[in-house]
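To start, the structure under review is shown below, and the notes come after it.
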Amino acid sequence: MGLFGRLRRRKNAQTPYCAAVVPAAGSATRMEGQDKILTILGDYPVLVHTLRALNDSALIQEIVVVTRGDLIVPVGQICRDFAFGKVTKVIVGGDTRTASVLAGAREVSGEAELIAIHDGARPLVPPEVVDAAILRAAECGAAAPAVPVKDTVKRASGALVEATLDRDSLFAVQTPQVFQADLIRGALQKALDDGAAVTDDCAAVERIGMTVALTEGSYENIKITTPTDLLIAEAILSGRE
């Protein structure tokens with residue numbers, strides 16, 4: 001039985017209550033003045049595609065969106081206009097991504113056993129990628145989708161190559177990254193207390209000695225950061241349609 005068949009079979013079994021936290025602060029820095037989550041992809045803002053993917057998942061029970069203060073009104077309006085019934089709160093985040101995710105993690109329902117953290121700027125996540133990460137985290141406490149790195153990666157100092165890394169052991173990690181609720185809240189708080197700069201939520205868990213399981217990601221699950229990313233996303237969306 002293939003991956004999708006196994007996922008369909010396992011969805012029938014009882015799974016823990018999973019809440020999604022969506023960091024959606026947006027940024028105009030590399031998007032030529034446009035907030036990336038409000039940039040139009042196809043016919044709708046990027047954030048609409050992202051929230052629809054999570055709202056449609058049978059394994060996600062609620063969604064908390066974390067954004068900037070100046071985006072509270074437009075983000076809230078999006079949630080109302082598109083009737084995303086699983087969105088329970090839209091809140092203002094902190095000064096850093098870590099602080100923002102922690103704020104969202106503290107706002108989910110007390111019923112939540114798992115918390116799935118998904119970038120607001122990853123609008124094309126396939127449903128099977130979401131489900132696989134949630135189901136694996138239910139088994140081991142921490143899981144994230146990843147894809148093998150396709151390029152040759154070199155470590156350099158300045159403009160001088162120091163080493164060529166073994167590509168077979170390198171993976172590009174995506175979201176949703178899914179964790180046992182108390183584990184991720186504790187790990188994020190510890191990172192903040194220590195002043196640690198973590199680049200993703202897995203790193204916060206790894207630094208307290210926990211192991212993260214990798215699940216099958218998708219090369220279509222790209223993050224919209226630059227105008228070029230948006231062009232690629234348009235091509236993927238067009239291909240799906």
Side-chain angles (χ1 to χ4, degrees), residues 4 7-8 11 18-93 97 100-101 104 116-134 144-145 147 172-178 200 216-241:
F4 299 163
L7 289 177
R8 283 194 296 270
K11 274 194 258 186
C18 182
V21 172
V22 181
S27 174
T29 306
R30 287 177 285 179
M31 280 298 294
E32 299 180 351
Q34 302 179 75
D35 281 304
K36 58 189 177 184
I37 61 167
L38 300 182
T39 301
I40 299 300
L41 171 61
D43 296 324
Y44 305 109
V46 164
L47 185 61
V48 170
H49 296 277
T50 303
L51 293 179
R52 180 175 288 147
L54 300 178
N55 197 74
D56 288 349
S57 172
L59 300 184
I60 292 175
Q61 280 70 51
E62 68 170 301
I63 303 168
V64 173
V65 184
V66 187
T67 191
R68 300 196 316 259
D70 60 305
L71 292 179
I72 282 284
V73 171
V75 169
Q77 192 64 50
I78 282 174
C79 295
R80 289 188 294 273
D81 289 348
F82 290 88
F84 293 132
K86 292 183 182 179
V87 176
T88 57
K89 296 177 183 177
V90 178
I91 67 168
V92 176
R97 186 186 186 281
S100 293
V101 173
I117 302 162
H118 185 63
D119 296 323
R122 285 190 190 268
L124 300 176
V125 59
E128 60 270 17
V129 171
V130 176
D131 291 352
I134 293 172
V147 292
V173 179
Q174 305 174 338
T175 67
Q177 298 180 1
V178 190
D200 72 347
E216 187 175 346
S218 168
Y219 290 108
E220 293 188 356
N221 186 19
I222 66 171
K223 186 175 182 180
I224 307 297
T225 304
T226 68
T228 300
D229 297 328
L230 190 62
L231 291 174
I232 295 170
E234 291 277 7
I236 294 170
L237 189 61
S238 177
R240 289 180 178 181
E241 293 173 349

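This one's a predicted model, so the numbers in the text were calculated from it and none came from an experiment.
Proximity of Leu124 to Leu41: side-chain heavy atoms (C-beta onward) are separated by under 4.5 Å at one or more points. A 4.5 Å side-chain heavy-atom check between Val64 and Val22 finds every atom pair outside the cut-off. With a 4.5 Å cut-off on side-chain heavy atoms, Asn221 and Pro126 count as touching. The shortest side-chain heavy-atom distance between Leu71 and Leu38 falls under the 4.5 Å cut-off. Counting only heavy atoms from C-beta outward, the side chains of Val101 and Val66 never approach each other to under 4.5 Å. Ile72 is listed as a side-chain neighbour of Val92, based on a closest heavy-atom distance under 4.5 Å. At least one side-chain heavy atom of Ile117 sits under 4.5 Å from a side-chain heavy atom of Pro23. Within the 4.5 Å cutoff, no side-chain heavy atoms of Ile91 are placed close to those of Val65.
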Show your working on side chain to side chain contact (heavy atoms under 4.5 Å, CB included) between Ile40 and Asp43 and close with a plain yes or no.
CA-CA 6 Å; Ile40 299 300; Asp43 296 324; 5.8 Å; no
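Between the CG atom in Leu47 and the CG atom in Asp35 there is a gap of 11.0 Å [rounded to 0.5 Å].
Listed by chain and residue number, Lys36, Lys223, Ile224 satisfy the side-chain contact (heavy atoms from CB on, under 4.5 Å) test with Ala121 (two or more places apart in sequence, or in another chain). Remark: Asp70 pairs with Arg68 by the side-chain hydrogen bond (donor to acceptor under 3.5 Å, both in side chains) rule, at least two apart or across chains. Applying the side-chain hydrogen bond (donor to acceptor under 3.5 Å, both in side chains) test to Ser57 and every residue at least two apart in sequence or in another chain returns Asp131. Residues passing the side-chain hydrogen bond (donor to acceptor under 3.5 Å, both in side chains) test with Thr88 are Glu62, sequence neighbours excluded. Residues meeting the salt bridge (Lys or Arg N to Asp or Glu O under 4.0 Å) test with Glu220, sequence neighbours left out: Arg240. Looking at residues two or more places apart in sequence or on another chain, you find a salt bridge (Lys or Arg N to Asp or Glu O under 4.0 Å) between Arg122 and Asp119. Every side-chain hydrogen bond (donor to acceptor under 3.5 Å, both in side chains) that Asp200 has, sequence neighbours left out, goes to Gln177. Residues meeting the side-chain contact (heavy atoms from CB on, under 4.5 Å) test with Thr228, sequence neighbours left out: Thr226, Ile232. Every residue meeting the ring-ring contact (aromatic ring centres under 6.0 Å, His included) condition with Tyr44, not counting sequence neighbours, appears here in chain and number order: Phe82.
Residues Ala116 and Pro176 approach most closely at CB-CB, 4.2 Å, considering heavy atoms. Between Ile37 and Ala24 the shortest heavy-atom distance is CD1-O, 3.1 Å.
When atom types are taken as modelled, the side chain of Asn55 and the backbone of Leu51 share no donor-acceptor pair closer than 3.5 angstrom. Side-chain atoms of Thr50 come within 3.5 Å of backbone N or O of Gly120 as a donor-acceptor pair.
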Donor-acceptor contacts, no H, no angles, side chain residues 74-81, under 3.5 Å, sequence neighbours left out:
from	atom 1	to	atom 2	distance (Å)
Gln77	OE1	Arg80	NH2	3.1
Gln77	NE2	Asp81	OD1	2.8

